[in-house]
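Before any comments, here is the structure.
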Amino acid sequence: PAAYVGSSMGSGGMRTAQLVLEDGSRFTGVSFGHEDSVAGEIVFNTGMVGYPESLTDPSYRGQLLVSTYPLVGNYGVPPAGVTDEFGLPKHFESD
């Protein structure tokens, strides 16, 4: 489905976003990452692990990624600057 996402600063210092679907349905949530309003295709990732890789996977470029597993984020995000033997970010698909 096609969708539009717009974000703004909400109360409590958290940035909120509103997902607006083609049929007019609206869903509000917490926004992180890209700060501009965007339009795109919604895709779902149902994996239980590997969300940092999903967030940086270039195959999702131009799509709105939704993680369906309810515990995403509970084990944190890998530290920046950790590289593998090739000098590439160790825990990410791309830079």
Side-chain angles (χ1 to χ4, degrees):
Y4 162 85
V5 176
S7 66
S8 63
M9 189 61 75
S11 62
M14 297 195 75
R15 199 169 63 223
T16 60
Q18 190 167 75
L19 173 66
V20 182
L21 302 180
E22 280 181 326
D23 69 0
S25 300
R26 294 173 179 264
F27 303 90
T28 301
V30 176
S31 175
F32 69 95
H34 192 73
E35 294 188 25
D36 291 333
S37 296
V38 297
E41 173 187 28
I42 298 175
V43 295
F44 295 88
N45 182 309
T46 60
M48 295 172 63
V49 296
Y51 72 90
E53 292 83 4
S54 297
L55 292 173
T56 60
D57 186 333
S59 69
Y60 289 118
R61 184 176 179 87
Q63 298 174 319
L64 305 173
L65 178 61
V66 176
S67 293
T68 61
Y69 191 65
L71 300 179
V72 164
N74 282 356
Y75 62 84
V77 174
V82 177
T83 57
D84 65 14
E85 64 273 14
F86 304 106
L88 300 171
K90 186 171 183 171
H91 303 286
F92 296 99
E93 294 290 325
S94 69
D95 61 358

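Position 1 is the first residue of the sequence, and the numbers go up from there.
When all heavy atoms are compared, the tightest approach of G40 to L64 is O-CD1, 3.9 Å.
Of the residues listed (T46, N45, I42, V43), the one engaging V66 in a side-chain contact (heavy atoms from CB on, under 4.5 Å) is I42, and it is the only one.
Tracing side-chain contacts under 4.5 Å through hydrophobic residues (I, L, V, M, F, W, Y), one never reaches V82 starting from L55; they form parts of separate clusters.
Looking only at side-chain heavy atoms (C-beta outward), L65 and D57 stay at 4.5 Å or farther from each other.
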